[in-house]
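Okay, structure first, notes after.
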Amino acid sequence: MAGSTGMRRLGKDAVAPRATTEPRWVRMTLTGLALSFLALFLLVPMVLVFYEGLRKGIEVYLAALVEPDAAAAIKLTLLTAAIAVPLNATFGVAAAWAIAKFEFRGKNLLITLIDLPFAVSPVIAGMVFILLFGAQGVFGPWLQGHDLKIVFAVPGIVIATAFVTFPFVARELIPLMQEQGPEEEEAAMVLGASGLRTFWRITLPNIKWGLLYGVILCNARAMGEFGAVSVVSGHIRGLTNTLPLHIEILYNEYNFTASFAAASILTLLALVTLAAKTAVEWRLARATAAMTVEPEGVPERRAA
Amino acid sequence: MSSRRHSVLPGFGLSMGITITYLSLLVLLPLSTIFFRSASLGWEHFWVSATSPRVLASYRLSFGASFVAAVINAITGLLVAWVLVRYRFPGRKLIDALVDLPFALPTAVAGIALTTLYGPNGWIGRWLEAIGIKVAFTPLGVAVALTFIGLPFVVRTVQPVLQDLEREIEEAAASLGASRWQTFRRVLLPPLMPALLTGFALAFARSVGEYGSVVFISGNMPMKTEIAPLLIMTKLEQFDYPGATAIAVVMLVFSFIILLGINLLQWAGRRRAAA
């Protein structure tokens with residue numbers, strides 16, 4: 001918990017001064033309203049996914065997951081994340097190192113530019129790569145001449161996914177490393193450690209929880225991306241269908257059970273992501289609290 | 001620049017090189033092709049493509065429904081943040097973690113789940129239908145999906161600020177005779193405003209470009225329930241690249257304005273915190 005004034009530590013309603021809290025019925029009403037809203041918008045849709053997926057029995061559910069097209073979609077989704085996430089993690093560490101450890105002009109502009117993919121509609125993100133690599137695109141004729149295919153093929157899916165998940169790791173690490181400052185690394189260098197050794201022994205242990213946090217979020221989005229991938233994939237079953245696209249096709253064919261069965265996998269992934277994220281947040285808060293001397297300004301949670 | 005030269009740390013050239021190269025290749029150059037493409041359209045062609053009645057209707061729906069959803073999220077987000085920070089009840093930490101579900105759940109999954117839920121035979125849709133409210137395949141359905149998508153933003157921007165507010169100022173207000181509501185309005189709400197507006201803007205910006213969760217529930221009728229990103233998709237499928245580019249440019253310019261506004265808000269928030 002951030003802050004530790006004596007007042008707050010009293011905690012329990014019974015001892016909280018009446019002047020700075022609400023009457024019991026107000027508290028109950030507000031809590032009830034907030035929980036009902038969350039139940040309606042978060043809990044019920046999630047329960048529904050599993051209910052619809054399992055409605056026709058466990059055999060039908062499992063059959064929907066092992067049929068060849070579903071298996072191919074799962075494989076492609078994993079492959080895409082396995083390429084896009086490490087790329088963006090490497091970039092994130094490099095960008096955070098440059099931004100947090102050095103002073104240069106245009107730093108704020110660079111930070112804003114890194115956030116840019118979050119401001120772009122996924123459909124536009126996909127469209128950009130059609131304009132570049134499509135048949136009528138900038139590099140279209142050249143690609144065709146060399147018999148290369150990027151859009152409506154796997155490379156396009158990977159590139160579009162890398163685009164939409166681009167900022168996740170960087171935007172976690174930049175504030176974290178800025179807060180840590182360059183002093184520890186400078187001390188290591190002055191004491192004679194090499195640059196690489198300093199990075200492995202000092203920087204990486206300091207940022208590991210932040211890095212993991214960014215990777216978890218990046219991975220969730222990479223596996224779940226729909227809009228951008230939908231534009232560049234061409235929807236070829238068994239070849240360029242990721243799991244989210246597979247769900248869409250089944251749903252549009254009124255094959256609801258199979259569609260929700262596939263959706264339940266991604267819902268489980270989302271739940272695992274949330275659990276891992278919460279665990280890492282907890283470690284991150286502890287690590288930051290241990291490192292900073294003054295108790296104020298300890299970020300208990302980083303706004304996503 | 002000068003302090004960099006004095007730094008004993010290595011790797012500025014390497015890390016900056018990787019950053020700039022990767023950023024340019026993956027994000028900046030690809031995005032710039034949209035503007036080059038639309039520039040080659042010619043102003044008149046661009047204007048006709050970007051403002052045809054069907055396109056205008058899609059902007060109206062995208063911006064209108066996003067605005068409604070962001071307003072709903074500003075109100076409920078403030079409420080949820082308040083309850084999570086100020087009150088204690090069993091399962092609070094679990095619910096706190098669950099708030100991020102819309103960030104973690106793939107949009108296509110959210111889309112089919114909400115459509116089924118609010119459809120004429122759905123768990124919720126059937127009751128609403130009985131009292132004459134249609135949600136799925138109407139603009140209301142679009143707003144519902146966008147409310148889901150934008151739900152975490154306001155909670156997550158307001159929560160940390162609310163946590164750091166000092167109790168002393170509330171006690172001072174109370175001891176000076178302010179009622180609880182007056183204290184909230186006059187003492188608590190003003191410092192929360194930058195965070196609340198930032199969350200609102202983030203939710204709004206995200207909603208305007210949202211595609212996956214909306215296409216299932218909206219029904220996609222031209223002029224009625226067709227959002228702007230879907231219209232881009234349709235035009236791409238018809239190989240009408242100039243038409244798609246024109247809509248994309250309008251949406252991108254809008255996104256950049258919002259991004260600028262968010263940065264200004266956060267800057268104002270930091271100044272307030274520093275003061």
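Lettering of chains follows the sequences in order, A, B, ..., and the numbering in each one begins at 1.
The side chain to side chain donor-acceptor pair (under 3.5 Å) test applied to B:T107 returns no partner, not counting sequence neighbours. A search for salt bridge (Lys or Arg N to Asp or Glu O under 4.0 Å) contacts involving A:R55 returns A:E52, not counting sequence neighbours.
For B:L230, no part sits under 4.5 Å from any heavy atom of chain A, backbone or side chain. Residue B:S213 does not touch chain A at all, counting heavy-atom pairs closer than 4.5 Å. For chain B, the nearby part of A:L38 is the side chain; its heavy atoms alone come within less than 4.5 Å. In this structure, the portion of B:L236 lying under 4.5 Å from any heavy atom of chain A is its side chain and not its backbone. Interface remark: B:F36 contributes no atoms to any contact with chain A (heavy atom separation under 4.5 Å). Looking at A:L269, neither its backbone nor its side chain comes within 4.5 Å of chain B, counting heavy atoms on both sides. Interface residue A:T31: backbone and side-chain heavy atoms are both found under 4.5 Å from chain B. Only the side chain of B:F256 comes within less than 4.5 Å of a heavy atom of chain A; its backbone N, CA, C and O stay farther away. Contacts of B:L259 with chain A are made by side-chain atoms alone, with heavy-atom separations under 4.5 Å and no backbone atom involved. Heavy atoms closer than 4.5 Å to chain A are found in both the backbone and the side chain of B:V144. Using a 4.5 Å cut-off between heavy atoms, B:F89 contacts chain A through its side chain alone, with no backbone atom that close. At a 4.5 Å heavy-atom cutoff, the contact between A:S230 and chain B is made by backbone and side-chain atoms alike. Neither the backbone nor the side chain of B:I247 has a heavy atom closer than 4.5 Å to any heavy atom of chain A. The part of A:T278 that comes within reach of chain B is its side chain, from C-beta onward, which places non-hydrogen atoms under 4.5 angstrom from that chain. There is no contact between B:A205 and chain A, counting heavy-atom distances below 4.5 Å. When heavy atoms are compared at a cutoff of 4.5 Å, B:V155 does not approach chain A at all. For B:L114, the part sitting under 4.5 Å from any heavy atom of chain A is the side chain, from C-beta outward, and nothing else. For A:F41, the parts sitting under 4.5 Å from any heavy atom of chain B are the backbone and the side chain alike. Within the 4.5 angstrom heavy-atom criterion, only side-chain atoms of B:I20, from C-beta onward, approach chain A. For A:V231, the parts sitting under 4.5 Å from any heavy atom of chain B are the backbone and the side chain alike. Contact annotation for A:V44: both backbone and side-chain heavy atoms come within less than 4.5 Å of a heavy atom of chain B. For chain A, the nearby part of B:F216 is the side chain; its heavy atoms alone come within less than 4.5 Å.
Ranked by heavy-atom pairs under 4.5 Å with chain A, the first of B:L252, B:I258, B:I95, B:T116 is B:T116. Taking chain B as the reference chain and counting heavy-atom pairs below 4.5 Å, the highest number among A:I114, A:I99, A:V123 is found for A:V123. Ranked by heavy-atom pairs under 4.5 Å with chain B, the list A:G92, A:A95, A:P244, A:G195 is led by A:A95. Of the residues considered (A:L43, A:N88, A:L245, A:D115), A:N88 shows the highest number of contacts with chain B, using heavy-atom pairs under 4.5 Å. When each of A:M127, A:M189, A:M223, A:E186 is checked for heavy-atom pairs under 4.5 Å with chain B, A:M127 comes out on top. Of the listed residues (A:F118, A:F256, A:F163), the greatest number of heavy-atom pairs within a distance under 4.5 Å of chain B belongs to A:F163. With respect to chain B, the highest number of heavy-atom pairs below 4.5 Å among A:T90, A:T112, A:V26 belongs to A:T112. When each of B:V27, B:T21, B:L94 is checked for heavy-atom pairs under 4.5 Å with chain A, B:V27 comes out on top. No other option in B:L101, B:I18, B:I112 has as many heavy-atom pairs under 4.5 Å with chain A as B:I112. When each of B:T115, B:L151, B:L260, B:I232 is checked for heavy-atom pairs under 4.5 Å with chain A, B:L151 comes out on top.
The OG1 atom of B:T33 sits 11.5 Å away from atom CD1 of A:I130, with the distance rounded to the nearest 0.5 Å. Atoms CZ and CG, from A:R105 and A:L110 in turn, are 14.5 Å apart once rounded to the nearest 0.5 Å.
Between A:M46 and A:L271 there is a side-chain heavy-atom pair separated by less than 4.5 Å. Counting only heavy atoms from C-beta outward, the side chains of B:T76 and B:V154 never approach each other to under 4.5 Å. At least one side-chain heavy atom of A:N252 sits less than 4.5 Å from a side-chain heavy atom of A:E248.
Side-chain contact check for B:Y118 and B:W123: no donor-acceptor pair (N or O, by modelled atom type) lies under 3.5 Å.
Looking at B:R206 and B:E210, a side-chain N of the basic residue comes within less than 4.0 Å of a carboxylate O on the acidic one, giving a salt bridge. Comment: B:R180 engages B:E170 in a salt bridge, judged by a side-chain N to carboxylate O separation of less than 4.0 angstrom.
In this structure, the side chain of A:K101 does not engage the main chain of B:L9 through any donor-acceptor pair within 3.5 Å. Put simply, the side chain of A:R221 never gets that close to the backbone of A:T165: no donor and acceptor are under 3.5 Å apart. Without hydrogens or angle criteria, A:E225 side chain to A:A228 main chain gives a donor-acceptor distance under 3.5 Å.
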_Would A:I247 and A:L250 count as a side-chain contact (heavy atoms from CB on, under 4.5 Å) here? Give the steps._
CA-CA 5 Å; A:I247 292 171; A:L250 293 172; 6.0 Å; no
*Please step through side chain to side chain donor-acceptor pair (under 3.5 Å) for the pair A:T203 and A:E185, ending with a clear verdict.*
CA-CA 7 Å; A:T203 311; A:E185 282 87 355; 2.7 Å; yes
*Apply side-chain contact (heavy atoms from CB on, under 4.5 Å) to B:V99 and B:L84, showing your working.*
CA-CA 10 Å; B:V99 167; B:L84 287 177; 4.2 Å; yes
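In summary, the aromatic rings of B:F254 and B:F204 are positioned with their centroids under 6.0 Å apart. Here the two rings, on B:F12 and A:F104, have centers that are under 6.0 Å apart.
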